[in-house]
Amino acid sequence: MAEHEIIELNIGQPLDIRHSLESGQVFRWQRQEDWHYGVIGENLIALCQFGSVLKIVHDAGETQHVIDLVSKFLRLDDNIEEIYSVIGTDERIKEAISAYRGLRILRQDPWECLIGFICSANSNIPRISSSMRSIAYNYGAKRTLGLFEGYVFPSAEDIASLGETPLRELKIGFRARYIARVAEIIAAGKLDLYGLKYMPYEEAKEELKSLPGIGDKVADCVLLFSLDKLEACPIDRWIRRAFEDWYLIDSRFKYEEFYKWAFDKWGGFAGYAQQYLFQSRRLAP
DNA sequence: GAAGGGCCTTTGAG
DNA sequence: ACTCAAAGGCCCT
């Protein structure tokens with residue numbers, strides 16, 4: 001990578017690149033030694049953190065453009081100390097904040113995020129990663145950075161033109177049909193995914209749930225991880241158990257009831273609280 | 001209408 | 001070799 005310019009960015013706030021990229025939000029970032037490689041939009045980016053300094057290597061042209069791209073992706077616009085003070089209301093979550101300090105909600109591309117969480121249905125993180133890599137490797141444009149190769153995630157149009165059968169061959173199972181159908185709807189312009197960012201949470205969620213393969217949980221993931229809805233609080237198997245065991249929530253609660261409980265407790269940053277509890281539950285149950 | 005159960009694909013862990 | 005769970009959703013009763 002010596003032939004590439006290295007940008008050094010000073011991060012004046014909590015950031016833990018590894019926990020952020022390895023917390024089940026994004027599925028195609030790869031770690032080699034101290035470097036993390038991934039595609040943001042059309043560009044291949046490598047990140048390496050030393051304390052409060054973030055080193056960036058990229059194929060994306062102008063320095064300022066790259067800094068903007070990375071800052072936006074890492075949500076460096078979030079005031080994370082303030083978020084900690086709002087959600088740090090009990091010992092359990094304070095422990096999680098102290099263990100995973102600097103873990104950030106990421107602002108990823110809505111289209112890739114949507115497909116990622118369709119793949120997540122009844123699956124697990126290693127397998128979701130392999131599904132997503134397989135889709136990008138087979139149908140996305142290649143980028144290189146030194147010896148590293150990455151792939152731009154194929155557009156809705158690209159995937160719509162494939163249909164279900166080639167996706168089935170990638171071993172993604174029953175999710176292939178959902179992906180093919182969703183791609184068709186988005187490519188045809190019947191739902192403006194990017195426009196959801198400007199709608200209120202509830203309304204945007206209803207729009208997403210009108211898509212095949214998208215229910216409450218997947219919709220909340222897409223809203224939280226790509227559409228700036230920090231009040232979205234995806235309740236999956238892990239979080240459900242965490243709520244039951246750690247907060248003694250009635251296991252008979254329906255999704256909406258779990259959500260309401262979380263929103264009452266953590267308000268507009270319920271999504272952040274959820275992410276710290278998710279990481280705790282997986283790594284230190 | 002809502003609540004519960006079966007089913008869907010494949011993988012990796014135990 | 002076998003069972004089970006996995007960042008769920010849909011369809012049927």
Side-chain angles (χ1 to χ4, degrees), chain A residues 19-29 96 100 103-110 112-135 137-138 163-183 185 191 205-227 229-246 249-260 262 270-285:
Chain A
H19 276 300
S20 301
L21 295 172
E22 298 179 6
S23 58
Q25 302 183 57
V26 289
F27 302 105
R28 300 199 303 128
W29 281 77
Y100 309 113
L103 161 59
R104 309 185 75 93
I105 298 294
L106 302 170
R107 184 186 283 113
Q108 46 178 306
D109 173 68
E112 177 168 351
C113 185
L114 180 63
I115 301 306
F117 284 96
I118 290 176
C119 288
S120 78
N122 200 25
S123 190
N124 52 60
I125 292 175
R127 187 174 171 212
I128 302 165
S129 296
S130 102
S131 302
M132 291 296 282
R133 282 195 199 117
S134 169
I135 294 171
Y137 176 79
N138 282 283
E164 180 182 341
T165 310
L167 294 171
R168 283 257 168 197
E169 286 162 11
L170 303 181
K171 310 284 187 189
I172 56 184
F174 63 88
R175 306 157 193 88
R177 176 209 280 246
Y178 296 143
I179 293 173
R181 290 173 60 191
V182 166
I185 294 168
L191 192 158
K205 184 167 177 178
E206 285 313 306
E207 289 278 317
L208 284 173
K209 284 172 63 178
S210 74
L211 295 169
I214 318 293
D216 280 312
K217 193 277 177 177
V218 172
D220 275 331
C221 287
V222 177
L223 291 164
L224 175 61
F225 301 136
S226 73
L227 292 168
K229 307 302 181 197
L230 296 184
E231 69 268 50
C233 181
I235 294 151
D236 73 317
R237 297 166 140 123
W238 299 90
I239 289 296
R240 182 177 285 264
R241 288 195 292 258
F243 282 6
E244 290 170 13
D245 292 353
W246 294 345
I249 305 299
D250 190 337
S251 64
R252 294 166 298 185
F253 269 22
K254 293 176 292 189
Y255 191 97
E256 282 309 320
E257 294 172 310
F258 277 107
Y259 178 74
K260 188 176 179 340
Y272 256 101
Q274 175 274 158
Q275 199 60 25
Y276 277 81
L277 293 172
F278 178 77
Q279 194 75 340
S280 295
R281 191 69 192 182
R282 287 202 321 125
L283 302 181

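Note that the structure is a prediction, hence the values are computed from the model and not measured. The sequence lines fix the lettering, A, B, ..., with proteins before strands; numbering per chain opens at 1.
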Remember a base hit wins even if backbone is also touched, and classify Gly24(A) as base, sugar-phosphate or nothing at under 4.0 Å, heavy atoms.
base
Nearest-Å distance for atom pair CG/C1', residues Asp220(A) and dG9(C):
14 Å
Measure from the side chain of Arg175(A), starting at C-beta and using heavy atoms only, and say which of dA6(C), dT9(B), dC10(C) lies closest.
dT9(B)
Can you tell me how far C1' of dA5(C) sits from CG of Asp236(A), to the nearest Å?
13 Å
Which of these nucleotides, dA6(C), dC8(B), dG9(C), is closest to any side-chain atom of Trp238(A)?
dA6(C)
So for Gln275(A) and dA7(C), does any side-chain atom that can act as donor or acceptor lie under 3.5 Å from a complementary atom in the base?
yes
With sugar-phosphate meaning primed atoms plus P, OP1 and OP2, does Ser23(A) contact a base, only sugar-phosphate, or nothing at under 4.0 Å between heavy atoms?
base
Scanning all shown strands, the Watson-Crick or wobble mate of dA7(C) with both distances under 3.5 Å is none
Reckon Phe225(A) touches a base, only the sugar-phosphate, or nothing at all at heavy-atom distances under 4.0 Å?
base
Using a heavy-atom cut-off of under 4.0 Å over every strand shown, decide if Lys217(A) touches base, sugar-phosphate, or nothing.
base
Quick check for you: to the nearest 0.5 Å, what is the distance between Ile249(A) atom CD1 and Glu244(A) atom CD?
9.0 Å
Within this structure, what is the CG-to-C1' distance between Leu277(A) and dA7(C), rounded to whole angstrom?
14 Å
Does the distance from a Lys or Arg side-chain N to an Asp or Glu carboxylate O, for Lys205(A) and Asp216(A), drop under 4.0 Å?
yes
Could you pick out which residue, Phe278(A) or Arg181(A), lies toward the 5' side of DNA chain C when each is mapped onto its nearest nucleotide?
Phe278(A)
Rounded distance in Å between the P positions of dA2(B) and dG8(C):
24 Å
Could you tell me whether Tyr178(A) contacts a base, only the sugar-phosphate backbone, or nothing, with contacts defined as non-hydrogen atoms closer than 4.0 Å?
sugar-phosphate
Could you go through Phe258(A) and Phe253(A), starting from their C-alpha distance and side-chain angles, then the distance that decides it, and tell me whether this counts as ring-ring contact (aromatic ring centres under 6.0 Å, His included)?
CA-CA 6 Å; Phe258(A) 277 107; Phe253(A) 269 22; 5.8 Å; yes
Can you see if the side chain of Arg281(A) gets near the phosphate of dA6(C) - specifically, an N or O under 4.0 Å from OP1 or OP2?
no
Distance criterion of 3.5 Å, no angle test: do you see the side chain of Asn122(A) paired donor-to-acceptor with the base of dT9(B)?
yes
Rounded distance in Å between the P positions of dC12(C) and dT9(B):
15 Å
When rounded to the nearest 0.5 angstrom, what is the spacing between CG in Leu103(A) and CD in Gln25(A)?
6.5 Å
Interatomic distance where CG belongs to Leu283(A) and C1' belongs to dA7(C) [whole Å]
13 Å
Distance col, row Ile128(A):CD1 vs Ser123(A):OG, nearest 0.5 angstrom, shows 5.0 Å
Rounded to whole Å, CD1 of Ile179(A) lies from P of dG9(C) at a distance of 14 Å
hbond_proxy Arg168(A) side chain to dT10(B) base (donor-acceptor, 3.5 Å cutoff)
no
Need one value for Ile172(A): base, sugar-phosphate or nothing, where a base atom within 4.0 Å counts as base even if backbone is also close, heavy atoms only.
nothing
Given the P atoms of dG4(B) and dA7(C), what is the spacing between them in whole Å?
24 Å
To the nearest angstrom, how far is Leu170(A) atom CG from dT9(B) atom P?
15 Å
Of the options dA7(C), dC8(B), dT10(B), whose atoms approach the side-chain atoms of Phe174(A) most closely?
dC8(B)
Which residue, Ala121(A) or Pro126(A), contacts DNA chain B at a nucleotide closer to its 5' end, judged by nearest heavy atom?
Ala121(A)
Length of the CZ-P vector between Arg237(A) and dA5(C), whole Å:
9 Å
When you check the phosphate oxygens OP1 and OP2 of dT9(B), does a side-chain N or O of Lys171(A) lie under 4.0 Å from one of them?
no
Cationic tip of Arg241(A) above Trp238(A) ring, under 6.0 Å, 45° of axis:
yes
Students often get this wrong, so: under 4.0 angstrom with heavy atoms, is Arg241(A) touching a base, only sugar-phosphate, or nothing?
sugar-phosphate
Start at the 5' end of DNA chain C and walk down; is the nucleotide closest to Pro234(A) or to Gly213(A) reached first?
Pro234(A)
Opposite nucleotide pairing with dC12(C), Watson-Crick or G-U, both atom distances under 3.5 Å
dG4(B)
Quick check: closest heavy atoms across Tyr255(A) and Arg240(A), and the distance to 0.1 Å?
N-NH2, 4.3 Å
For atom CG of Asp216(A) and atom P of dC10(C), their distance in whole Å
10 Å
